[in-house]
2 protein chains.
Amino acid sequence: MVKRTSFEGDACPIARSLDALGDWWSLLIIREALFGLRRFGEFQSKLGMAKNILSVRLRSLVDHGILATAPASDGSAYQEYVLTPKGRGTFPILVALRQWSEEFDDAPEEIATILVDRAKGRPVKKLEMRAEDGRLLSPADTTLKPRPASRRRSA
Amino acid sequence: MVKRTSFEGDACPIARSLDALGDWWSLLIIREALFGLRRFGEFQSKLGMAKNILSVRLRSLVDHGILATAPASDGSAYQEYVLTPKGRGTFPILVALRQWSEEFDDAPEEIATILVDRAKGRPVKKLEMRAEDGRLLSPADTTLKPRPASRRRSA
DNA sequence: GGCATATGGTTTTATCATGCAACCACACAA
DNA sequence: TTGTGTGGTTGCATGATAAAACCATATGCC
């Protein structure tokens, strides 16, 4: 029925990504995790979200291999949530979202922070899409091709 | 009171972006629009979504300035939905989502298409984050700074 | 013109997810 | 033992989502 139309089986990679992190909280949790947050309570107080929702989201992110639970860290025998490589791999997505807001937001003066190069303190460059040989590509310069048959034997 | 926790007033640009396109359909609609779809029926049959949801989403995207309604185009006096510059600006977000799936998906063999450079037919390069001077940046090389006070007089 | 059909939605209704609050379990301290 | 803080789970109320029916307009056909 309503089933939230899981995109899990969809062939479109965008849909597949959205299936893992296309809700209202997951990317914000990841954002905080990239910032170093690890504990349930940290996420909860920083994001101001309901604890049950946080609980569900954390479990979902763990199930998707984006977060992993570390048995403990500071002695207190609770668990922590740390990003996996897959989780850290979402960074460009967050940067893209941030830059889109910075460029197109109707009320940019409400944006509190900017992402800067730590070494120079200067804003990072806009993400750009390039060809293998380095040419800058616009959306119109790209097209979709069917994925070539898997090279590694599947059976 | 569930209120869906609108992030509209939030100072975080990521949250602000998610407020506009952080649901399960908006980015897919935009994806199809980038592919050239314009008509209600095209979106509906291509995405296989309920018409009422599509209706609500289209209106929301128009309200957010991502789509605009064009009075007609092929004579039939209905309206079309075309991307604004703000809408086309989401392209890096979609590319980032796609590449994340391509790189980390647990079942990459289910992914049907790859994004290629139209001229060469070769996959596009991974998005990378660079400093103003062109240095490649990792997440750890970046940090957040408070936004400098608006330079253009607001009153 | 009259009728059928396709397009472009809106309305209705059922179900699911979200969010707040309250509650529970465990660890640690006194 | 009791108290307190962290880390959750459990109940509801409400809103979002989805499927299907319905409606309005436009077009094709006669």
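In what follows, chains are A, B, ... by sequence order, proteins preceding strands, each numbered from 1. Note that this is a predicted model, so its numbers are computed, not measured. Every heavy atom of this structure was used, including side-chain atoms; hydrogens, water molecules and symmetry mates were not.
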Expressed as a whole number of angstroms, how long is the span from [X]:[atom1] to [N]:[atom2]?
| X | N | atom1 | atom2 | value |
| --- | --- | --- | --- | --- |
| A:Asn52 | C:dA22 | CG | C1' | 11 Å |
| B:Glu80 | D:dA26 | CD | C1' | 15 Å |
| A:Leu54 | D:dT9 | CG | P | 10 Å |
| B:Leu18 | C:dT18 | CG | C1' | 16 Å |
| B:Met49 | D:dA16 | CE | C1' | 13 Å |
| B:Gln44 | C:dG8 | CD | P | 10 Å |
| A:Asp19 | C:dA17 | CG | C1' | 15 Å |

Could you say whether B:Phe40 or A:Val56 is positioned toward the 5' end of DNA chain C, judged by the nucleotide with the nearest heavy atom to each?
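So the residue in question is B:Phe40.
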
- Message: Using the side-chain heavy atoms of B:Ile53, tell me which of these nucleotides is nearest: D:dG7, D:dT17, D:dA20.
- Response: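 The listed nucleotide nearest to B:Ile53's side chain is D:dT17.
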
With heavy atoms under 4.0 Å as the rule, sort A:Phe43 into base, sugar-phosphate or nothing.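 No contact at all - A:Phe43 keeps every heavy atom at 4.0 Å or more from the nucleic acid.
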
Which heavy atom of A:Ala33 sits nearest to which heavy atom of A:Phe43, and what is that distance?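 So the two residues come closest at N-CE2, 3.8 Å.
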
* Over all heavy atoms of both residues, which pair between B:Met129 and A:Val95 is shortest? Give the atoms and the distance, please. =>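 Smallest interatomic distance, heavy atoms only, reads SD-CG2, 3.8 Å.
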
For the pair B:Glu42 and B:Arg38, find out whether any cationic side-chain nitrogen is under 4.0 Å from an anionic carboxylate oxygen.
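Judged by the 4.0 Å cut-off on N to carboxylate O distance, B:Glu42 and B:Arg38 do not form a salt bridge.
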
Whether [X] contacts [N] is assessed here as follows: a side-chain N or O lying under 4.0 Å from the phosphate OP1 or OP2. Is that the case?
| X | N | value |
| --- | --- | --- |
| A:Trp25 | C:dG19 | yes |
| A:Arg59 | D:dG8 | no |
| A:Arg39 | D:dG7 | yes |
| B:Ser55 | C:dT10 | yes |
| B:Gln79 | C:dG9 | yes |

Review point. Taking for each residue the nucleotide of DNA chain D with the nearest heavy atom, is it B:Ala50 or A:Tyr81 whose nucleotide lies nearer the 5' end?
Key: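 Mapping each residue to its closest nucleotide by heavy atoms, the 5'-most match is A:Tyr81.
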
*asked:* Going by side chain to side chain donor-acceptor pair (under 3.5 Å), name the residues that satisfy it together with A:Asp23, two or more places apart in sequence or in a different chain.
replied: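 In terms of side chain to side chain donor-acceptor pair (under 3.5 Å), with neighbours along the sequence ignored, A:Asp23 is linked to A:Ser26, A:Arg57.
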
Sequence neighbours excluded, which residues qualify as side chain to side chain donor-acceptor pair (under 3.5 Å) partners of A:Lys51?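 Partners of A:Lys51 by the side chain to side chain donor-acceptor pair (under 3.5 Å) criterion come out as none, since no residue qualifies.
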
Is it the case that the side chain of B:Arg31 and the backbone of B:Leu94 share a donor-acceptor pair, with hydrogens and angles ignored and the cut-off at 3.5 Å?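 The answer is no, because no donor-acceptor pair under 3.5 Å joins these two groups.
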
Between the protein and nucleotides 23-25 of chain D, which nitrogen or oxygen pairs are less than 3.5 angstrom apart?
residue: D:dT25; atom: O2; partner: B:Tyr78; partner atom: OH; Å: 3.0

If hydrophobic clusters are built from ILVMFWY residues whose side chains come within less than 4.5 Å, do A:Leu47 and A:Leu34 share one?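 As far as the 4.5 Å side-chain criterion goes, A:Leu34 and A:Leu47 are connected within one cluster.
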
